[in-house]
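Single-structure report; data block below.
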Number of protein chains: 2
Amino acid sequence: MRGPRLQDVAERAGVSMKTVSNVVRNHPHVSAAMRERVQRAIDELGYRPNVVARRLATGRTGFVAVAFADVAIPYFAELAHVASRRARDFDYRVLLEETDDTIEGERALIASSEAGLVDGMLFQPSKMSPSEIAQHRSQIPIVLLGEMPAPLTMDHVMIDNVAAAREITTHLLDSGRRRIGFVGHETTSLSETSRQRILGYQEALTGAGVRADPRMLVATASIDAADTAAAVRQALSDGWDVDAVVCRDDLAAMGTLRALHERGIRVPEDVAVTGWDDTRLSAVTFPSLTSVSPDVDALFTRAMELLLERIAGYDGAGRHEIAPHRIAIRESAPSIPAP
Amino acid sequence: MRGPRLQDVAERAGVSMKTVSNVVRNHPHVSAAMRERVQRAIDELGYRPNVVARRLATGRTGFVAVAFADVAIPYFAELAHVASRRARDFDYRVLLEETDDTIEGERALIASSEAGLVDGMLFQPSKMSPSEIAQHRSQIPIVLLGEMPAPLTMDHVMIDNVAAAREITTHLLDSGRRRIGFVGHETTSLSETSRQRILGYQEALTGAGVRADPRMLVATASIDAADTAAAVRQALSDGWDVDAVVCRDDLAAMGTLRALHERGIRVPEDVAVTGWDDTRLSAVTFPSLTSVSPDVDALFTRAMELLLERIAGYDGAGRHEIAPHRIAIRESAPSIPAP
DNA sequence: ATGAAAGCGCTAACAG
DNA sequence: CTGTTAGCGCTTTCAT
């Protein structure tokens, strides 16, 4: 059952293990003849290098963990997809970790009782406080992703949420909307993500001379389209009167679209709606969603670069970087002024 | 930088490595006093067992690969989520692998030049033929998932697609629909998945005395809601006249909903629509989607059981098993007869 | 350019 | 119940 080992190949080719090892790893200083001879032995035996043994010998795992709440949330699924693909460019592979969006899950992740599984970790926390994260001095380097405030000591990559919220709200203002609502933040204990987005939303309104009214905000019981639909439904019954809605994320936008459809409110004619994350979904809703589009590729790539520097030994202060974003304009909030 | 080793703990506690190892792995035959003493040394040193070394020594990786086309496809994202969670019950962890839905990707996966990374693999192919899969006698046990015909020599778990398609089509017939279309299969080279679903669809129609008309089928350029919307739009322009549509998957259903909405065709009043996979999406579209709901949990669990038997040495013929499914009834195709 | 031997950190016989 | 020792398969000085 067990496959051939380096030793077996060496014997067959009549050389030492070292030479075979050199061939396997494409070491430059091997004569063509030797390489040819060894390669034949490898092929004949169907030899596969044992990664685990290699890891133990080198101390390098070739894996990075990418950790977040739940891969079934569209944004994270897309992040996971990008990460798996792009990591190859760095000669790394990705090990996905889910925290189930609980503080216990996040703590277990950070405290992980196993060593040597990954060389480093990209972690998007949603529950742990920055100070708690900073205290847990983990065995491996970590780069933080997302909107949670990050400890100064750690690297962190995110998009500028306040600016993005300002831009997408301004986009609505530019198209003539004035009664602009915000939907999708938490009913209890506002998340940092929601806080930043509401902040940018408010800045845009104020900047345009529109009064930001707390009654324009609709919180939801959970980050879930169904709950959002219920909350919006209720708000409409309560006389919530808007001509545009900035949603915290694409899922909230889907829920909002749903509630508006049910009432026969037309999007975008009566109410414009915007999403956030520009997930694949946003192109296929009816109408398709104007959405904040983070450059996930750039975000991941930069985070990976920072992580590799840490892995290589960099030990300076935390770098806090901003990844680019744009506003993807679609039907739910077009650029043309409202009729 | 390197953490403490088993040896370090042993010295500190004044015992042998073996004893420490026993404590770490909760070996039953250790006296409470000894355990206590060793545990203190572990805590003081902050010792973490090195998984890689353990793997090399035991030959067991504790990982299974779960491989499919693309984790950003909702069904696969949900499968990945279930797999990550449930694998823990088997003391296993999951390594996700994407094939990018290409035959090259699938071949690279099967031929993987590395050994020792995982103990086995759950693989949902979409391109490789069963005979090619069967020939590639991989180093590790593989259990196949999904609708592709599986080689007799290999284990395979799927839901009964023909039966499910029959049931959901019958559901439409029962609610009084007669002009039932099918949307979402490939324009060129029909996939096995589509083939089975169309087969069940046809069986149900024929069984109800309704003639299955090839013109009722609308193929799409790719498994993508936008392409589906375009195809349905075109079909409607060409006079496609239906009162219900069975879609190949939830994404196709979303695209179909979109095209129908654009035409002002009401769902379900004018046309009922069904999806497939019962992804989280199906609850949040407008209207929400009646959809074939595979029991992903049971599917994964059974596949995992079969895989573990193979890993443990079982070497018999392929087991071909069926996982349960049900029809999740929602607004897009309710049970009440059409008005 | 190639060979010999000493680890990498842990487990598993086998003793005691 | 605990200690000793020989691997697991590969990399890596250090010679040659």
Side-chain angles (χ1 to χ4, degrees), chain A residues 1-39 41-42 45-63 91 113-119 139-140, chain B residues 1-39 41-42 45-63 91 113-119 139-140:
Chain A
M1 188 64 212
R2 200 164 67 248
R5 298 158 307 157
L6 204 57
Q7 175 69 22
D8 301 325
V9 178
E11 283 170 12
R12 173 140 196 150
V15 297
S16 80
M17 286 172 61
K18 168 65 174 169
T19 304
V20 180
S21 176
N22 283 342
V23 172
V24 170
R25 288 179 300 149
N26 283 312
H27 191 75
H29 299 293
V30 205
S31 69
M34 185 89 277
R35 163 156 294 147
E36 152 80 14
R37 182 162 127 214
V38 172
Q39 188 58 53
I42 290 177
L45 261 39
Y47 168 76
R48 306 285 162 89
N50 181 317
V51 228
V52 174
R54 181 179 289 169
R55 284 187 195 179
L56 182 56
T58 59
R60 177 186 183 276
T61 70
F63 271 83
D91 281 323
S113 59
E114 301 170 322
L117 211 47
V118 296
D119 294 335
Q139 308 280 65
I140 52 166
Chain B
M1 188 63 213
R2 200 164 65 248
R5 296 158 308 156
L6 204 58
Q7 175 69 20
D8 301 326
V9 178
E11 282 170 12
R12 174 139 197 151
V15 297
S16 79
M17 286 172 62
K18 169 65 177 170
T19 304
V20 180
S21 176
N22 283 342
V23 172
V24 170
R25 288 180 298 153
N26 283 311
H27 192 74
H29 299 293
V30 205
S31 71
M34 185 91 279
R35 164 157 292 146
E36 152 80 13
R37 179 159 131 218
V38 172
Q39 188 59 52
I42 289 177
L45 260 39
Y47 169 76
R48 306 286 161 87
N50 182 317
V51 230
V52 175
R54 180 179 291 170
R55 285 186 195 180
L56 184 56
T58 59
R60 177 186 183 276
T61 70
F63 271 83
D91 281 323
S113 59
E114 301 170 322
L117 210 46
V118 294
D119 294 335
Q139 307 280 66
I140 52 166

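In the text below, chain A, chain B and the rest are named by the order of the sequence lines, each starting its count at 1.
- Atom-to-atom, CE of A:M34 to P of C:dA1 comes out at 13 Å; the value is rounded to the nearest Å.
- With D:dG3, C:dT11, D:dC10 as the candidates, the nucleotide lying closest to the side chain of A:R54 is D:dC10.
- Protein atom NZ of B:K18 is 13 Å distant from nucleotide atom P of D:dT4, rounded to whole Å.
- The residue among A:V52 and B:S16 whose nearest nucleotide of DNA chain D lies closer to the 5′ end is B:S16.
- Residue B:Q7 contributes atom CD, which lies 12 Å from atom P of D:dT5 at whole-angstrom precision.
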inquiry  = Run A:Q39 and A:I42 through side-chain contact (heavy atoms from CB on, under 4.5 Å) and show every step you take.
reply    = CA-CA 5 Å; A:Q39 188 58 53; A:I42 290 177; 3.9 Å; yes
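- Residue B:S31 is the one, among B:A53 and B:S31, whose nearest nucleotide of DNA chain D lies closer to the 5' end (criterion: closest heavy atom).
- For B:R25 and C:dT11, the shortest distance from a side-chain N or O to OP1 or OP2 is below 4.0 Å.
- Although no hydrogens or angles enter the test, the distance criterion places no donor-acceptor pair under 3.5 Å between the side chain of B:R35 and the main chain of B:V23.
- At the phosphate of C:dT11, OP1 or OP2 sits under 4.0 Å from a side-chain N or O atom of B:S21.
- Taking atom CG on A:L56 and atom C1' on C:dG7, their separation rounds to 9 Å, with Å as the unit.
- C:dC10 atom P lies 13 Å from atom CD of B:E11, rounded to whole Å.
- Considering only heavy atoms from C-beta on, A:D119 comes within 4.5 Å of A:R60 through its side chain.
- B:N22 places its CG atom 10 Å from the C1' atom of C:dT11, with the value rounded to the nearest Å.
- In the set D:dT11, C:dT11, D:dT12, D:dT11 carries the atom at the smallest distance from any side-chain atom of A:M17.
- Note: CZ (B:R37) to C1' (D:dC1) measures 13 Å, nearest angstrom.
- Looking at the side chain of B:T58, the nearest of the listed nucleotides D:dG3, D:dG9, C:dT11 is C:dT11.
- Taking all atoms of both residues into account, the shortest heavy-atom contact from B:P49 to B:R54 is CB-NH2, 3.5 Å.
- Atom C1' of nucleotide C:dC8 and atom CG of B:L6 are separated by 14 Å, given to the nearest angstrom.
- Using a 4.5 Å heavy-atom cutoff, the side chains of A:V38 and A:Y47 are not in contact.
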